[in-house]
Amino acid sequence: MFQAIIKRLVGALPALFGVIVVTFILTRALPGDPAAYFAGPAGSQEAIEEVRAKLGLDRSLPEQFVLYLRDLARGDWGYSLTTGQPVLTELAERLPASLELTLVGLVLAVIIAIPLGVLAATRPGSWIDHLCRGITTAGVSLPTFFTGLLLAYVFYFLLGWAPSPLGRLDPYTTAPDFVTGFYLIDSLLAGDGETFVAAASQLALPAITLALFVLAPLARMTRASMLGVLSADFIRTARASGLHPFKVLFTYAFRNALLPVLTTLGMVFSFLLGSNVLVEKVFAWPGIGSFAIEALVASDYAPVQGFVLAMALLYVLLNLLIDVAYGLVDPRARLEA
Amino acid sequence: QDKRLETLVVANEFGPNMLDIHGLGANRPAYGVSWLAYDRLMTYGRKSIGDGVDSYDFTKLEPELAERWEVAADGMSVTFHLRKDAKFHDGSPVTADDVKWSLDRALGMGGFPTFQMKAGSLEKPEQFEVVDAHTFRVKLLRKDKMTLPDLAVPVAAIYNAKLARQHATAEDPWAANWLKTNTAGGGAYKVASWKPGQEIVYERFDDWKSGPLPKLKRVIQRDVPSAGNRRALLTRGDIDITFEMPPKDFAEMAQEKGNVKVASVPAENSMWYLGLNTKVAPFDNPKVRQAIAYALPYDKIMQNAFYGRGMPLFGGSGVKDASWPQATAYKTDIDKARQLMKEAGFEQGFETTLSFDLGTATVSEPTTILIQESLAQLGIKVAINKVPGSNWRAAITKKDMPMLFNRMGGWLNYPEYFFFWAYHGQNAVFNTMSYQNAELDKLVEAARFESDPKKYEGLVKGFIDIAYTEVPRIPVAQPVMDVAMQKNVHGFTYWFHLQPDYRQLYKQ
Amino acid sequence: MSPTGKTLLEVDRLAVEFRTRSGTVRALEDVSLALAEGETVGLVGESGSGKSVLSFAAMGIQDPAARITAGSLRFAGQDLLAGKGAAMKALRGREMAMIFQNPRVALNPIRPVGKQIEDVLARHTDLHPAARRARAVECLAEVRIPDPERRYAAYPFELSGGMCQRVMIAIALACKPRLLIADEPTTGLDVTTQAAIMRLISELSAERRMATLLITHDLGLAREYCDRIAVMHAGHIVEVGPTAGLFAAPRHPYTERLIAATPVGANSLDELAAIDGNLPDLRRDDLPACRFAERCPQRAAVCDAPLALLPAEGSHRVACHLPRKVAHSLERKHVASA
Amino acid sequence: MNTANPALATRAAPGRLARQWHTLRYVVGENPLSAISAGLFVGFVLLALFGPWLAPHDPLASHVGEPLSPPSMAHWFGTDALGRDILSRVIIATRLDLGIAVAAVALSFVIGGLMGAFAGYFGGWFDRVSTRVSDTIMAFPLFVLAMGIVAALGNTVANIVLATAIINLPFYLRVARAEVRVRREAGFVEAARLAGNGELRVLFYHLIPNVMPPMMVQISLNMGWAILNAAGLSFIGLGVRPPEAEWGIMVAEGAQYIVSGEWWIALFPGLVLMLAVFCFNLLGDSLRDLIDPRRRT
Amino acid sequence: MRRWPCCLQRVRIALPVTCRARWLTRWRGSMSHLLEVIGLKRWFGVKKGGETRQLHAVDGIDFHIAPGETVGLVGESGCGKSTLVRLLTRTLDPSDGQVRFRNHDLGLIRAREMALHAQRKDIQMVFQDPTDSLNPRYTARQTIAESVRLLCGLRGAEAAARVEEVADWVGLPQALLDRYPHQLSGGQKARVGIARAIVSRPALLVLDEPTAALDVSVQTVILQLLDRLKRELDMSFLFVSHDLNVVRLLCDRVLVMYLGQVVESGPTDAVFHAPAHPYTRALIASLPGGLAGGQATAADLLVGGDPQSPIDPDPNRCRLLGRCPRGLAPCGETGPVLRDLGEGRQVACLYPAVVQHHVRQ
Ligand SMILES: Nc1ncnc2c1ncn2[C@@H]1O[C@H](COP(=O)(O)OP(=O)(O)OP(=O)(O)O)[C@@H](O)[C@H]1O
Ligand SMILES: Nc1ncnc2c1ncn2[C@@H]1O[C@H](COP(=O)(O)OP(=O)(O)OP(=O)(O)O)[C@@H](O)[C@H]1O
Ligand SMILES: [Mg+2]
Ligand SMILES: [Mg+2]
């Protein structure tokens with residue numbers, strides 16, 4: 001098992017290297033001139049050249065790339081020029097915010113979508129089925145930023161049910177001590193119910209926005225795979241053995257139907273990490289998505305590269321996790337030692 | 001509730017990217033940090049401009065760290081006497097050594113701070129002299145009326161040299177790295193916490209001696225990128241104050257009867273303008289430039305892009321005085337524009353590109369669209385190019401954009417200061433039109449050192465007239481500094497650097 | 001070979017319809033069939049003749065699109081259709097069990113086979129978990145699975161097709177049902193495995209005096225293992241009778257043709273005769289009373305009259321207006337003996 | 001040639017067409033949402049084709065006198081900050097948005113599909129390389145990759161199309177590869193070889209036509225996604241240039257007016273955008289119905 | 001015999017007989033064999049636990065087919081029948097051994113190139129599953145026409161006429177030619193498959209379980225059709241099936257395969273009445289009706305559970321060991337090889353059942 005995991009990780013290396021190369025090329029191709037940016041509004045040509053040399057941008061691209069790789073190998077992801085912080089520190093600070101949001105969104109989506117999908121699959125062609133399909137498809141058809149804006153307008157501005165879209169906590173609540181970086185967990189660990197509620201209520205709208213977006217793929221996949229499984233021969237066997245309908249539905253059908261859903265879950269998660277960028281912007285969420293946009297706009301290479309690399313690593317880990325989970329559910333797919 | 005009255009919650013579009021105004025690439029909110037967390041030797045006076053709004057008074061300099069100062073008889077040096085009781089945040093006293101280190105640093109860091117110091121003829125470390133622990137002297141290179149004012153701008157902040165030196169290294173003698181994320185000041189507010197991209201929290205420095213103790217104990221300044229959200233937050237009372245909204249929002253909030261009020265002050269020494277690159281045909285032809293100046297849909301722009309939140313810089317009646325900025329004589333007159341185009345030999349029009357900075361899209365986009373529409377009447381086909389912020393500076397430096405819509409402002413409120421950077425043939429970055437005119441250069445240089453008010457006025461009128469006749473840049477509007485706040489927030493002061501000053505603010 | 005005991009399963013004039021996108025399929029019409037204790041009955045017919053539909057209806061596991069429109073089902077005197085099939089639910093898996101073709105896919109692929117047996121036990125008995133496990137292993141041993149302890153934890157994909165079929169039988173027989181329906185239990189298995197499985201089924205049903213309904217389209221198989229045989233065609237039972245009699249003297253032209261098409265005992269290809277035409281489209285509104293009529297070589301005017309299973313000789317019954325006379329039965333002997 | 005290509009085999013067409021028409025009617029009849037989506041789709045295509053003639057006003061002309069006027073008889077969707085008629089802009093934008101989506105999807109479909117088909121059929125190094133390429137793309141947060149590409153190459157329509165095509169590529173590659181791999185061993189492929197078809201002929205005449213249906217589903221779903229993507233890029237300022245009307249930009253612009261009560265500026269383009277994506281998504285579902293009624297989702 | 005269009009003959013004659021010297025020198029075996037298979041092997045690499053192991057799907061097979069002869073191939077599922085077929089029809093490359101067709105070693109031609117090879121049209125095949133083997137997007141006419149065009153080199157009207165003729169030949173009504181596979185019944189699809197295979201009038205027709213997916217009633221018709229074609233077209237058949245009854249009726253000779261190897265071969269009647277190999281005995285014993293007049297006993301059935309794994313089998317061990325009702329100690333030490341029993345019969349068993357001289361009834 002352990003060996004298999006290592007093997008999987010090694011297998012992901014080429015893709016990671018590809019990511020590094022592409023990001024490197026893309027960031028260098030950005031039209032902005034960081035030297036001009038950092039030389040300030042009054043920078044003269046010489047000043048700009050001076051800054052360029054300082055940033056090491058006067059070297060040839062291959063040289064820069066090799067230096068970059070060397071630094072990476074040493075665990076040095078570089079410094080963000082705009083904030084002056086090491087990229088790793090920045091990522092570590094902001095990643096929990098994004099992950100917390102994404103995970104809550106995902107859990108929300110799963111909680112809604114999977115029962116919907118199962119419900120629809122048990123009554124294919126009924127009005128419930130059409131309704132589920134309509135709702136979920138509408139969800140995926142909404143641009144996330146539009147949903148976010150709309151939700152904020154209705155639930156915060158008009159109705160006042162949601163707290164202000166001001167990031168992870170309202171200004172009068174202090175953040176819980178850092179343990180996991182997830183405010184929900186940290187506040188519980190600290191036994192601070194008030195902070196928990198505050199963090200949860202801040203999370204509500206952005207998480208719903210994200211969840212709405214991925215409801216459809218999840219519900220759709222659940223329904224399809226549930227339908228497929230329900231018409232499988234072994235379900236007929238289970239029914240013929242007189243097993244209780246719930247047992248048939250959950251132990252027999254659902255567990256089997258879970259397999260493709262798991263795969264979708266992985267894809268949905270990486271999708272969510274991507275759409276985070278927009279949602280974070282709308283809700284002033286201090287995650288890595290907004291960080292990446294700012295860095296991109298400032299042509300700040302290191303954070304952009306770091307961000308993409310972190311996401312790629314996350315993606316690889318996530319896929320590994322899903323493979324392991326897959327193996328837990330499906331003995332045929334167990335990772336071989 | 002008391003706590004709430006002593007806490008101010010601010011929302012801005014984006015926060016500081018570092019805490020050091022001298023740092024490489026410091027953004028505008030970083031100036032605000034410097035303003036609050038550091039003191040300067042002097043500061044400007046303040047005056048009320050009505051509606052409970054104050055403005056700084058650029059004609060008056062007042063003590064901050066320096067109790068008093070005297071100009072030497074020959075006018076070639078100024079001696080500052082520091083407050084004896086002034087302390088930095090870490091409790092150590094402020095000495096002349098700190099002042100020297102700080103001003104040396106502004107010169108030594110290069111880039112923007114150096115440039116700004118130079119604007120006040122502060123160019124060499126030898127100009128700064130420690131007389132004794134609490135006496136400090138600045139020697140002047142020339143009699144520049146901008147020298148003293150320049151010592152009151154944010155760049156001339158006074159750093160805690162002892163503390164900073166502890167973090168300096170051989171490669172980094174000015175502790176630039178450490179000061180990016182830490183403050184070593186003695187200003188009215190301490191930075192209690194800073195999460196880049198999220199929020200910065202200030203706490204009052206109760207030992208502050210350089211002025212009356214601020215009323216607000218705590219200021220929380222959050223980054224809320226979406227203007228709509230900021231407005232909603234304000235309307236719902238979740239924040240106390242916010243800036244940098246689309247003009248339309250300010251216009252509406254000013255009308256509304258709710259709990260929100262809007263303070264607006266015309267931003268001194270700045271303008272929105274349409275720049276025409278004089279190095280690129282056909283804009284090298286003054287007739288074409290004039291034609292365009294006549295073809296701009298000024299009123300439409302004022303109404304639909306600025307929502308009236310700006311002072312018109314058009315439709316005047318010629319250069320009558322030395323006031324700055326002042327209106328041009330242009331107004332929308334398509335026939336005249338056509339005539340001029342014909343004279344210039346461009347009856348058929350031409351194709352060109354109009355660029356603007358994406359960051360200013362709320363105003364620039366409608367404006368450029370209106371311009372595009374209007375110029376189409378002259379047969380000029382304009383493509384609009386939105387340039388993301390990062391590219392904007394690079395593009396400006398390159399000076400290859402034929403047309404651009406931009407905003408330009410200067411801290412030191414002198415027309416020749418503006419012209420030196422924006423029109424002068426030295427071709428600074430801000431001379432985005434690459435404009436060259438020897439006669440204008442001469443007038444600008446002369447004005448800087450002219451002490452006779454009459455002559456000075458003549459010089460100023462002279463260069464304004466040239467600039468407005470040749471129109472390498474067509475002024476459109478003088479921006480207005482708008483701030484929206486809860487009605488219970490008082491004491492707003494307008495500063496030339498456009499950053500909020502929480503020292504005078506209070507809630508009631 | 002008349003029924004030896006009391007009647008266990010009684011299908012009476014059953015009719016089943018499917019509502020589909022292209023019309024109503026009348027898959028079963030007026031089907032009657034009885035099974036007595038300890039008896040093995042074969043149900044044969046072409047593909048699509050309704051064998052599976054009948055067995056699914058008897059178990060109450062038919063497709064949601066299926067509707068029983070007429071007739072009744074009784075098990076040991078109990079009405080299975082009464083009370084929304086409540087009786088059926090109670091009996092299914094305990095008194096009546098079923099095995100299917102393609103054992104590999106008919107088992108839950110991600111559940112150890114032992115657990116699948118336990119699931120049935122848990123549902124129908126009140127054995128405590130440890131006893132359940134022991135019983136599950138015992139079930140595996142009963143179907144002659146070598147090393148049942150180890151196989152208990154095996155997943156279907158780790159077993160061969162024959163093994164899977166044994167597991168399926170174990171699941172079906174776990175609660176010692178009185179009726180076993182085997183829907184083509186050996187299709188898709190190797191001949192050698194097929195023989196082993198069939199022997200196992202017949203041994204076990206003899207041992208337990210279990211009534212067995214063997215569904216197959218292999219006449220040879222039915223002939224070897226069944227006491228009685230029912231022949232289905234297009235949703236009708238056209239002939240039913242004791243095996244020997246039916247093979248020796250088929251009365252219905254369809255039965256006759258079916259036997260003639262089966263190469264089991266034939267000595268040359270020329271002896272075989274095909275059945276003309278295809279099964280009629282069961283969606284048609286104008287199906288003739290005798291659904292074989294359109295394929296029948298001796299169709300006559302009388303064939304349009306309503307039809308029912310009528311006794312021919314002893315318990316041998318046939319649904320044909322012009323049944324073969326005994327004397328006319330085929331010359332060909334289907335016994336490959338010397 | 002003629003007989004080998006079913007698309008050209010007109011002789012057989014009536015039977016097949018009739019049958020498909022029947023299924024289509026059934027699918028549409030059974031599923032009201034499919035009917036709606038089909039109707040919407042036709043509507044959008046018409047708008048894209050005839051938009052300039054249908055728009056009641058000049059979409060680019062500003063009317064300073066009537067900025068931000070709410071929906072009225074004169075301006076059904078109201079006007080924006082420059083007094084431009086939102087209805088007309090929404091209509092005109094259809095062509096651009098659908099154009100971007102169609103171009104991007106076509107590009108990734110052709111390239112990704114072919115790569116996937118080759119990889120799936122021949123395996124070997126080409127398979128490994130193309131799988132790596134798609135893995136690499138997938139390892140990116142896709143929207144961020146699109147942002148990066150547009151930011152790096154400049155925000156022109158062509159680059160938006162390119163970026164969208166690149167991030168869609170892996171999906172086609174995977175679908176095509178998987179479908180071809182499944183069918184590579186199918187009897188009819190072997191039979192085709194026995195009939196004297198060379199490898200390329202087998203691939204192009206036998207396999208690719210058979211993997212088209214699942215690809216069609218993917219296309220339809222991706223169309224919606226491509227539109228969303230372009231809109232997202234516009235939202236962060238990397239979209240189409242003004243004053244071009246594009247749904248995403250209109251929403252992004254309108255967003256700032258929501259709070260002050262001018263909801264129509266964002267709402268209508270947003271709704272139309274949503275409808276378009278909705279329509280493509282449902283259409284994908286319906287196509288799946290047509291292809292495989294049982295696995296319908 | 002039915003008259004074939006002259007074009008076909010023309011094509012045949014026009015084919016250059018590419019006799020490479022190498023083939024001539026390696027030429028052995030008698031001229032009377034249409035197909036001769038010598039030591040044919042096909043191994044598949046399978047990954048197991050990180051290392052690659054060899055699955056011996058076809059493991060050293062020798063046999064031959066004479067012109068006009070019908071040879072049956074039986075064996076249990078997974079024993080390598082289809083693999084062997086694919087090797088013979090040259091859609092799969094052998095790992096080792098020769099496939100000599102008309103004395104040319106076809107095994108030397110790569111499977112990928114075989115499609116365009118001149119011999120392609122002489123070995124054709126009918127597939128097991130008529131549905132799977134028809135391109136769902138081609139009509140019956142297109143399917144047959146493709147073969148006509150590619151194998152016979154016909155075009156236009158000639159080709160069209162030819163398609164209709166072949167359809168007639170297999171009894172496929174003209175009206176059905178423009179239907180797609182899903183619009184045809186199983187028997188009709190089977191006919192299309194056969195028609196496609198015989199357009200080029202191959203010398204060897206390989207049939208891989210052609211009736212396994214068909215109903216009894218249809219199976220008879222197809223079998224009779226095949227029988228007729230065989231006689232009238234003068235083709236050799238290799239008929240793969242696991243329905244022994246069908247093999248018995250159709251084939252002259254039968255080969256019994258077990259785990260990649262031929263374990264018994266001989267004239268059909270002889271093998272059926274007096275099987276020599278325990279596996280053959282078990283096979284025949286499990287037929288309803290049983291072994292030679294119902295004398296089958298439990299001892300004739302295979303014991304135990306699963307067959308051995310085809311992955312890296314021990315060459316010095318009988319592959320039936322473990323299931324064989326006799327299974328003696330020496331069987332674990334020497335892998336039996338095919339040896340002659342006389343009367344054209346061969347068996348690979350150390351302890352074959354005694355072969356009685358068979359009297360045909
Ligand atoms: N779900 C269904 N919807 C519509 N028609 C159905 C359905 N299930 C079965 N039928 C029809 O009912 C008839 C009988 O089918 P059934 O499966 O019982 O045949 P069978 O005799 O078991 O055939 P086989 O030997 O192939 O298993 C067929 O005509 C079939 O088309
Ligand atoms: N491409 C392949 N890769 C790996 N193993 C294969 C491959 N093709 C066939 N095999 C293996 O080779 C063995 C023989 O397979 P083959 O299909 O020839 O059997 P068969 O006798 O035709 O069986 P059936 O009667 O079920 O058709 C099987 O164990 C099979 O798993
Ligand atoms: Mg059936
Ligand atoms: Mg096979």
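So that the names make sense, note that chain A is the first sequence line, chain B the second, and so on, each numbered from 1. In this text the structure is predicted, and so the values were computed from the model without any measurement.
Options E:Gly78, E:Ser77, E:Ala212, E:Gly75 differ in how many heavy-atom pairs under 4.5 Å they form with chain C, and the most are formed by E:Ser77.
Using a 4.5 Å cut-off on side-chain heavy atoms (C-beta onward), E:Tyr279 and E:Arg319 make no contact.
Identified by a heavy-atom distance below 4.5 Å to chain C, contributing residues of residues 185-193 of chain E are lacking entirely.
Between E:Leu229 and E:Trp169, the shortest heavy-atom distance links the atoms CD2-NE1, 3.3 Å. Contact detail for C:Arg257 and C:Ile275: the closest heavy-atom pair is CB-CG1, 3.6 Å.
Applying the side chain to side chain contact (heavy atoms under 4.5 Å, CB included) criterion to E:Ser309, with sequence neighbours excluded, gives E:Ile311.
Just one of E:Val85, E:Val71, E:Leu207, E:Val126 meets the side-chain contact (heavy atoms from CB on, under 4.5 Å) condition when paired with E:Val240; it is E:Val85.
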Next on the checklist: Run C:Met168 and C:Phe100 through side chain to side chain contact (heavy atoms under 4.5 Å, CB included) and show every step you take.
Outcome noted: CA-CA 8 Å; C:Met168 201 124 85; C:Phe100 303 91; 3.8 Å; yes
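C:Glu46 touches chain E through backbone and side chain together, each having a heavy atom under 4.5 Å away.
Ring pair C:Tyr155/C:Phe157 is parallel by interplanar angle, where below 30° counts as parallel and above 60° as perpendicular.
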